[in-house]
Amino acid sequence: MSEKYRFDTMSLHSGHVPDKETGSRAVPIYQTTSYVFKDTDEAAALYNMEVGGHLYTRISNPTIATLEQRLASLDGGVSCIACSSGMAAMHLVVSAICSSGDHIVASNKMYGANINLLQHTMTRFGIETDFVNPNNLEEIEKSIKPNTKLVFGEVIGNPGLDVMNVPEVAKICKKKNVPLAIDATFNTPYLMKPISHGANIVIHSLTKWIGGHGIAIGGALVNGGNFDWGNKEKFPTISGSHFALNGISFWEEFGPSALTAKIRAEGMYNFGPSLSPNNAFYILQGIETLSLRMKKHIENTKMMLKFLKENESVSWLRHPDLEDHPDHKIAKKILPLGSGSIIVFGIKGGRDAGKAFIENVKLSSHLANVGDAKTLLIHPGSTTHSHLSSEAMKMSGLTDDMIRLSVGLEDIEDIKIDFEKGFKAAAKISSNKC
Amino acid sequence: MYTNFKGNKVYFSTGGLNLVKDNETLCFVHGAGQNHYSFTQQIRYFVSQGYNVIAPDFPGHGFSEGNQTISIEEDMLWLVELLAFLKIEKATFIGHSQGCLTILELAEKKPEFVRGLVFVAGAMSIPVNDFLIDTSIDNPEKAYDLMVTWGQDNYGSFSISDWPGHNHLAEGNAVMKMNDSSVLSKDLKSCNSYNNGKQAASTININCLAVLAKFDMMTPLKKGLQMVEIIKQCDYKILECGHFLPIEKPKELNALIKKYLNTLK
């Protein structure tokens with residue numbers, strides 16, 4: 001009999017038991033490209049995906065598989081594929097489901113690279129996207145066309161922090177027989193599991209809170225196993241005959257795991273966005289303390305919100321846990337433990353004051369990442385979203401004075417003192433202007 | 001592969017290939033609340049070994065439509081009629097769990113169809129406790145959860161899988177959810193009411209194989225060994241896993257079946 005372990009136990013144990021030969025308690029790093037076949041029979045079986053196992057690390061690897069199985073269990077999915085980055089995971093999902101002539105409905109409040117991929121890159125391959133307000137349910141439903149093959153959004157939008165009403169969007173997608181893929185990077189499975197709210201695919205940038213220490217780039221997609229791919233006209237490369245594996249139907253042969261089987265056989269095989277075993281190991285170390293870190297991230301975020309709210313240099317403040325956030329009610333419902341540790345705020349004095357603030361903090365690092373153990377800051381208008389037009393920036397809810405703060409695990413009193421220094425420098429700029 | 005059988009759309013997996021006229025046939029028979037996905041890691045493997053494989057979804061299970069059969073005897077008759085419809089005269093039958101009861105019944109009543117028999121995590125009877133039957137009626141999803149948890153050894157607890165990235169507890173649940181929600185309770189009742197297993201086992205005159213699970217909570221090892229004793233020529237092997245043996249120990253099971261099939265040649 002197996003046990004149904006709880007989150008913290010799964011974070012430490014899923015996907016691995018002590019190695020039988022060596023007794024290694026830690027997950028071994030299988031730093032190898034390939035695996036010796038026992039015989040030609042086994043080699044053929046592995047190539048054809050008749051049985052499980054590893055043949056080449058571009059496609060799978062035991063250390064990476066431990067990470068995948070741990071993520072699948074934490075998210076309540078049937079299977080998972082880990083890959084080189086969150087963007088690679090997103091591309092794997094889109095390319096597995098969509099072909100030229102297909103259509104996607106996506107949130108217009110997403111991470112800039114997600115928007116870029118759909119708006120500019122995929123259109124070159126004949127895949128069109130309509131961008132919609134993630135919480136305008138009517139607009140989402142109306143945008144779904146007969147050739148729509150995917151609805152995509154983020155639980156917590158980056159960097160605008162809009163919260164998607166995942167359960168309601170999932171109901172629409174189910175009715176329309178379109179899979180719902182959700183980027184859950186900002187919440188992690190500790191704060192919210194999209195599959196339990198009806199989503200079909202979960203995408204993570206493992207680089208962020210899941211890895212948690214800013215040391216390894218990685219991504220993953222978790223398959224909920226809860227979507228019916230059986231419509232051959234609509235999903236011909238999943239339920240119809242496919243060139244890989246002698247023309248089989250992934251849906252008929254792999255059922256709930258059809259999507260990941262296809263991605264393993266086609267996406268990992270042909271595109272090769274594999275994660276390195278070393279990075280898988282680093283990310284696994286991060287997962288072991290995920291719940292501890294997320295609790296502290298949330299606790300520090302609450303204190304920072306209070307501090308910023310009371311600070312005279314702050315012109316506006318946005319976080320889904322604040323009552324004045326437009327998605328506060330949704331956040332309360334689907335993110336009861338907290339809505340993540342990203343805060344966005346504006347600095348009085350606009351762009352120059354913002355620049356002065358960022359250049360005068362010392363503990364908080366100015367860089368292009370979130371979800372590190374350390375507190376991070378960025379000015380999206382001049383960095384992550386600088387490639388977007390003003391109109392597109394507005395669509396994503398961005399302004400010139402906006403600072404994105406990723407609250408770390410430091411003693412929050414030290415971060416407050418650090419911020420005071422930054423605010424002081426910003427105020428000087430602001431008063432000079434007056 | 002789909003066919004129209006007795007007025008209903010019926011699905012049987014062939015591993016994605018057409019049946020070849022002169023190849024020997026292996027017929028995989030799934031257990032209670034399951035469907036052909038129980039044998040994902042067997043079907044295409046044995047197709048590659050040069051066998052015709054058919055793994056039918058019984059009515060109401062997986063992709064097959066039609067009224068569900070409600071006894072082991074009916075299961076057996078439906079299977080025999082399907083084989084005749086597909087012009088398969090003889091096969092080696094590999095049953096898992098409830099599927100073992102079906103092939104026991106087949107071995108006694110229709111021995112002319114049987115080339116060989118493999119019992120996977122099976123027994124001559126599978127009594128089901130009232131709690132599980134009641135739960136399968138009142139709250140099928142809870143019953144699925146109980147079954148996949150009871151059905152797997154530690155591999156399930158720790159999401160350990162030879163299949164990279166797979167989480168068998170969730171996958172087991174997802175497979176059961178593909179069936180109509182009334183399927184499991186009817187299957188469990190079929191198992192519970194079947195009492196001809198001992199008689200059927202005693203009539204078997206061919207060499208058989210039983211692959212049993214040491215930590216089986218659904219059909220305990222003790223009951224599997226009782227079946228081995230009654231069948232005149234039944235080799236057996238015990239694997240260190242739970243009831244969902246085809247998923248937990250696929251390579252070991254495939255090797256044992258392959259060895260057994262060679263003895264039939």
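Throughout, a chain's letter reflects where its sequence line sits, starting with A, and its residues are numbered from 1.
- Every pair passing salt bridge (charged side-chain N to carboxylate O under 4.0 Å, His left out) that includes a residue from residues 17-43 of chain B is listed here, sequence neighbours excluded: B/E24-B/R115.
- Residue with the most contacts toward chain A among B/M218, B/Q152, B/Q49: B/Q152 (heavy-atom pairs, distance under 4.5 Å).
- Interface remark: A/N48 contributes backbone and side-chain atoms alike to the contact with chain B (heavy atom separation under 4.5 Å).
- No other option in B/L17, B/D162, B/T149, B/N173 has as many heavy-atom pairs under 4.5 Å with chain A as B/T149.
- Both the backbone and the side chain of A/S14 have a heavy atom closer than 4.5 Å to some heavy atom of chain B.
- Options B/H243, B/H166, B/M1 differ in how many heavy-atom pairs under 4.5 Å they form with chain A, and the most are formed by B/H166.
- A 6.0 Å sphere centred on NZ of A/K174 holds no more than 12 heavy atoms belonging to other residues, nucleotides or ligands.
- Heavy-atom pairs under 4.5 Å with chain A peak, among B/S161, B/G62, B/G151, B/P250, at B/S161.
- With a 4.5 Å cut-off on non-hydrogen atoms, B/F39 does not touch chain A at all.
- Residue contact with chain A, scored on non-hydrogen atoms closer than 4.5 Å, involves the backbone and the side chain of B/I160 alike.
- Between A/E253 and B/G15, the closest heavy-atom pair is OE2-C, 3.4 Å.
- Within a 6.0 Å sphere centred on OH of A/Y269, heavy atoms belonging to other residues, nucleotides or ligands number 12 at most.
- The shortest side-chain heavy-atom distance between A/V51 and B/N254 falls under the 4.5 Å cut-off.
- The ring of A/Y5 has its center closer than 6.0 angstrom to the ring center of B/F158.
- Between chain B and the residues A/G247, A/A72, A/C80, the most heavy-atom pairs under 4.5 angstrom are made by A/C80.
- Side-chain N or O atoms of B/Q41 include one that pairs as donor or acceptor with a backbone N or O of A/G52 at under 3.5 Å.
- At a 4.5 Å heavy-atom cutoff, the contact between B/Y37 and chain A is made by side-chain atoms alone.
- No more than 12 heavy atoms of other residues, nucleotides or ligands lie within 6.0 Å of CG in B/N67, so this atom counts as exposed by the packing criterion.
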Inset, instruction - Tell me, with the steps shown, if A/E68 and B/N167 meet side chain to side chain donor-acceptor pair (under 3.5 Å). - result: CA-CA 9 Å; A/E68 292 168 339; B/N167 172 20; over 6 Å; no
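- Between B/K251 and A/E42, the closest heavy-atom pair is NZ-OE2, 4.4 Å.
- In terms of heavy atoms, B/K258 sits closest to A/D41 at NZ-OD2, 2.6 Å.
- Taking CD of B/E171 as the start and OG of A/S257 as the end, the distance is 3.5 Å to the nearest 0.5 Å.
- Looking only at side-chain heavy atoms (C-beta outward), A/E252 and B/S13 stay at 4.5 Å or farther from each other.
- Considering every non-hydrogen atom in both A/G77 and B/A170, the closest pair reads O-CB, 3.3 Å.
- Atom OG in A/S73 sits 12.5 Å away from atom NE2 in B/H168 (nearest 0.5 Å).
- The 12-atom threshold is not exceeded at CZ of A/R6, counting heavy atoms of other residues, nucleotides or ligands nearer than 6.0 Å.
- If you measure heavy-atom distances from B/F63 to chain A, the contacts under 4.5 Å come from the side chain alone.
- Judged by distance alone, with hydrogens and angles left aside, the side-chain atoms of A/R70 form no donor-acceptor pair with the main-chain N or O of B/S159 at under 3.5 Å.
- Side-chain contact between A/K4 and B/D145: present, with at least one pair of heavy atoms (C-beta onward) separated by less than 4.5 Å.
- In this structure, the separation between CZ on A/F254 and CZ on B/R44 is 4.5 Å, given to the nearest 0.5 Å.
- The minimum heavy-atom distance linking B/P164 with A/R264 is given by the pair O-NH2, 3.0 Å.
- Contacts of B/V148 with chain A are made by backbone atoms alone, with heavy-atom separations under 4.5 Å and no side-chain atom involved.
- Neither the backbone nor the side chain of B/F244 has a heavy atom closer than 4.5 Å to any heavy atom of chain A.
- Put simply, the side chain of B/V175 reaches to within 4.5 Å of the side chain of A/P256, judged on heavy atoms.
- Residue A/Y56 qualifies as open at atom OH: its count of foreign heavy atoms under 6.0 Å is 12 or below.
- Per-residue heavy-atom pair counts under 4.5 Å with chain A were compared for B/G16, B/A174, B/S157, and the maximum is reached by B/S157.
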